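To find a chain, count down the sequence lines: A is the first, B the second, and so on, and within it residues start at 1. Computed from a predicted structure; not experimentally measured.
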Protein chains: 4
Amino acid sequence: MSKAQSSAAAQKTAGTDKREVILTAALDLFRHYGYRRTSMEDIARAAAVAKGTLYLYFKSKDELFEAICRSLAEQVGEGVARAEALDLPLEPKLTALMEAKLGFVYRWILSSPHAAELVDSGSRLSEDVFGEVYDRFYNAVRHLVRGGVASGELDLNAVGLTEEATVDALIAAAYGAEKAPDEKMFHARLTAIIKLTLRGLRA
Amino acid sequence: MSKAQSSAAAQKTAGTDKREVILTAALDLFRHYGYRRTSMEDIARAAAVAKGTLYLYFKSKDELFEAICRSLAEQVGEGVARAEALDLPLEPKLTALMEAKLGFVYRWILSSPHAAELVDSGSRLSEDVFGEVYDRFYNAVRHLVRGGVASGELDLNAVGLTEEATVDALIAAAYGAEKAPDEKMFHARLTAIIKLTLRGLRA
Amino acid sequence: MSKAQSSAAAQKTAGTDKREVILTAALDLFRHYGYRRTSMEDIARAAAVAKGTLYLYFKSKDELFEAICRSLAEQVGEGVARAEALDLPLEPKLTALMEAKLGFVYRWILSSPHAAELVDSGSRLSEDVFGEVYDRFYNAVRHLVRGGVASGELDLNAVGLTEEATVDALIAAAYGAEKAPDEKMFHARLTAIIKLTLRGLRA
Amino acid sequence: MSKAQSSAAAQKTAGTDKREVILTAALDLFRHYGYRRTSMEDIARAAAVAKGTLYLYFKSKDELFEAICRSLAEQVGEGVARAEALDLPLEPKLTALMEAKLGFVYRWILSSPHAAELVDSGSRLSEDVFGEVYDRFYNAVRHLVRGGVASGELDLNAVGLTEEATVDALIAAAYGAEKAPDEKMFHARLTAIIKLTLRGLRA
DNA sequence: GATGAATGAGACTTCATTCAT
DNA sequence: AATGAATGAAGTCTCATTCAT
């Protein structure tokens, strides 16, 4: 590769990188110190750029936060899609789906001591940014339940729930694992909850 | 009763009242506008006292918030104690316990659009303020499970969980109901989750 | 006067004064350095108060400026009213009116090297704040012209102007004096212009 | 013409053009939005060049503004020279001179809603940039007045003014027309003022 | 106890200017 | 010559907290 090419490549990478560097630095700070306790000055320092530079990439602190959410949502979406594509029996597949959705969020947001504030800061974005991902996830679980009923593995009548209520309950119960203090506990609880709730639905 | 006594009593009552008035006004504002969006000025206005007066009762905004948390924790504790005292079969009793703990929190905190921020603001207090209440709640559920196993109604071996893991899972799953958009959904999900998980534990 | 009374009086004066002190300091700085070159920090320093204090009295920098304008407008209005009440022959009375309106503005605004910017900053206020004063002034001049015509001292037909156009022209011509480099020149020009234009209207 | 020459010429033309394009774009923006509300970014965009390019032609925003003033001053100077050369009777010639000086300024600066700020921004330049033009204009009016006196058409003694004071007053009064809300009113007032003041000077 | 005027650190954001490419 | 990403000083405004009365 010629020097010119190398230089051009470096430049492009650098340009692209800077946005990433800022996003990474900001997410890191938000996770450690929370949204309001993290100033644009802090982010600039952590990303090794000037304060003004942040505004070249993001219109405001809020938009910077939104960009982080979009990025995370995108990654969750990809994870869910991958899990959806797996060919597995009911329980492992449900576990894979939950891991993909909840596990990712847990690792990047909920494991932070300021998880709640971050979720709150992003709450107005929830609909726009996370809505689509959630829909995909919800439908995947629903499809799984329907399949389980069709194959006779599950019996919703035994607990007297509609399909929708069942899916709601399954997901809601799994969400409960997110309060875990660390990732190991998170996995243990998630697994236990899935085992319990699925057994509760078995014919 | 002498005039002096009467006056002193009135003053004390007034003083106590004022504290309550402030707490009530503050909780109301926090629920509506969130912690950071609610200024001490707002609270003072809502409580019909001067800003400086707030500092006669609470050292800082954070301590005011902590006092609210303590007050709520106390009420939750009383609710849990009441539920504990009920003489009911396994499922209704577990439901009563969950309602006492989660329902109260849901109604006062989680139903707010700023629930997440409030929880975050109170997160460092969790250990101190809510810890005791949680322990009582946890032990009540544990006692219930132990009773269920002893009576043969539950069989932990069927799902391969220890008693502790089971209690953890039951509580965690129930927590999942807290994401519900309104109280009706909260109840529906909580009931469904308990039904599901308990059925999953039945012998 | 008792100490308490004195103290109370001093307090009241101090409270009232602070607003005045700020207004005075701000006008002074605006006249010397212009609107945009004068920061709120500068004003606070000049008024010997903290930055935040400015916002106790004025919602924003713009409102502070508006308050100055209102105060000046009020004073102009009073001056015009006083001139209106004078019982004088045509020329001295017109001069008195012009002095009251233009002279005051000249002394407080236009003698500043940043007059133009100040006028611009206040231009959106012009209608609201200065409109009423201008109307009073305009009508006073009109009344004077009408009286001169009635008494035969003036003859609008000689220059072929309507009454309205005449008043417009008289006022406009007088405004031209405001570009003077100092107050002495301002008076000289204003007098000369009035003399010239009135002579141009004489029968 | 060799290709190199052609290219150089084109480049030079383009370079010269670019300067004009920038000046034109900037004046337009300044008139619409004012000096401070117009950013170098805005100007660059309007002129379809990069921000850095502005600094190849002008050292700073202030110098860019100064260049605009010089350009306008030059045009005013030419207009005044043309009016000076006209062979007309007193009143029409004075009107032509005033039109050339004041009318041009009115059209390009004063008709803007941000006229005041522009004048202010240019005020420190006044001496240097507009001084020469003003001198020419002033002398032309003076010459006209002197001629009027010599021919017996004007009589300064009637109003008791020196020649200098008379010229000052004539010009100052005419300046008053500049506050007009639109060009039509500007002309009407200017004409009326000239008519009035000249009549005031007639023998 | 009660008040509320005063404080001032600190937050977000803008924009004229520079400089490596 | 031309670019435009990067800079960072400076500005406006907020708000938890203090303290003299």
Side-chain angles (χ1 to χ4, degrees), chain A residues 4 7-8 10-11 14-15 18-19 36-44 47-64, chain B residues 11-12 14-15 18 36-45 48-64, chain C residues 4 7-8 10-11 14-15 18-19 36-45 47-64, chain D residues 7-8 11-12 14-15 18-19 36-45 48-64:
Chain A
S7 159
Q11 195 181 347
K18 195 155 284 184
R19 195 175 190 276
R36 70 194 138 142
R37 291 276 303 271
T38 300
S39 71
M40 291 301 264
E41 182 102 34
D42 293 336
I43 297 172
V49 299
K51 231 187 314 181
T53 305
L54 301 181
Y55 291 88
L56 292 180
Y57 293 91
F58 309 97
K59 262 197 225 157
S60 66
K61 192 184 183 183
D62 274 7
E63 276 207 10
L64 169 51
Chain B
Q11 200 176 344
K12 193 186 170 205
K18 200 162 283 187
R36 66 190 145 153
R37 292 274 306 270
T38 299
S39 70
M40 292 299 266
E41 181 97 37
D42 293 335
I43 297 171
R45 192 166 28 243
V49 299
K51 228 189 313 183
T53 306
L54 300 181
Y55 289 88
L56 294 177
Y57 294 92
F58 309 98
K59 260 197 226 161
S60 67
K61 193 184 183 185
D62 275 7
E63 277 205 10
L64 168 50
Chain C
S7 160
Q11 196 181 347
K18 195 155 286 184
R19 196 175 188 275
R36 72 194 137 143
R37 290 277 304 271
T38 300
S39 71
M40 292 299 267
E41 181 103 35
D42 293 336
I43 297 171
R45 196 167 23 245
V49 298
K51 229 185 319 178
T53 304
L54 301 181
Y55 291 88
L56 292 180
Y57 293 92
F58 309 98
K59 260 197 228 159
S60 66
K61 192 183 184 184
D62 274 7
E63 276 206 13
L64 169 50
Chain D
S7 160
Q11 202 177 342
K12 192 186 171 204
K18 199 161 284 186
R19 196 174 187 277
R36 67 192 143 151
R37 292 276 303 270
T38 300
S39 69
M40 292 299 266
E41 180 99 35
D42 293 335
I43 298 171
R45 194 167 27 243
V49 298
K51 229 188 313 183
T53 306
L54 300 180
Y55 290 86
L56 293 177
Y57 293 93
F58 309 97
K59 259 198 227 160
S60 67
K61 193 183 184 185
D62 276 5
E63 277 206 11
L64 168 51

Any [X] side-chain nitrogen or oxygen under 4.0 Å from OP1 or OP2 of [N]:
X: D:Tyr55; N: E:dC19; value: no
X: A:Lys61; N: E:dT13; value: no
X: D:Ser60; N: E:dA16; value: no
X: D:Lys59; N: E:dT17; value: no

In whole Å, I'd like the distance from the [atom1] atom of [X] to the [atom2] atom of [N].
X: B:Tyr57; N: E:dT3; atom1: OH; atom2: C1'; answer: 13 Å
X: B:Leu54; N: F:dC19; atom1: CG; atom2: P; answer: 17 Å
X: D:Leu64; N: E:dC15; atom1: CG; atom2: C1'; answer: 15 Å
X: D:Ile43; N: E:dA16; atom1: CD1; atom2: P; answer: 8 Å
X: D:Arg45; N: F:dA2; atom1: CZ; atom2: P; answer: 19 Å
X: B:Asp62; N: F:dA16; atom1: CG; atom2: P; answer: 10 Å
X: B:Met40; N: E:dT7; atom1: CE; atom2: C1'; answer: 16 Å
X: A:Arg37; N: E:dA9; atom1: CZ; atom2: P; answer: 18 Å

| message | Quick check on DNA chain E: between A:Glu41 and B:Gly52, whose nearest nucleotide comes earlier from the 5' end? | response | B:Gly52
| message | Mind checking if A:Ser39 touches a base, just sugar-phosphate, or nothing, with heavy atoms under 4.0 Å? | response | sugar-phosphate
| task | Answer with base, sugar-phosphate or nothing: what part of the nucleic acid does C:Lys51 contact at a heavy-atom distance below 4.0 Å? | result | base
| said: Please give me the minimum heavy-atom distance between D:Ala50 and D:Ala44, naming the atom from each residue. | reply: C-CB, 3.9 Å
| task | Provide the closest heavy-atom pair for D:Thr53 versus D:Lys18 in the form atom of the first, atom of the second, distance. | result | CG2-CD, 4.1 Å
If I take atom [atom1] from residue [X] and atom [atom2] from residue [Y], how far apart are they, to the nearest 0.5 angstrom?
X: D:Lys59; Y: D:Leu54; atom1: NZ; atom2: CG; value: 16.0 Å
X: C:Glu63; Y: C:Tyr55; atom1: CD; atom2: OH; value: 11.0 Å
X: B:Ser39; Y: B:Lys51; atom1: OG; atom2: NZ; value: 7.5 Å
X: B:Lys61; Y: B:Arg36; atom1: NZ; atom2: CZ; value: 10.0 Å
X: D:Leu64; Y: D:Arg19; atom1: CG; atom2: CZ; value: 9.0 Å

| query | If you write DNA chain F from 5' to 3' in dot-bracket form, with Watson-Crick or G-U pairs under 3.5 Å, [ ] for crossing pairs and | for pairs with another strand, what do you get? | reply | .||||||||||||||||||||
| message | Pick the closest DNA chain F nucleotide for A:Leu56 and for C:Asp42 by heavy atoms, then say which residue is nearer the 5' end. | response | A:Leu56
| Closest nucleotide of DNA chain F for C:Thr53 versus for A:Ala50: which of these residues is on the 5' side? | A:Ala50
| request: Would you mind reporting whether B:Met40 and B:Ile43 have side-chain heavy atoms less than 4.5 Å apart? | output: yes
| field | Closest listed nucleotide, where the reference is the side chain of C:Lys18 and the choices are F:dA2, F:dA16, E:dA6 | value | E:dA6
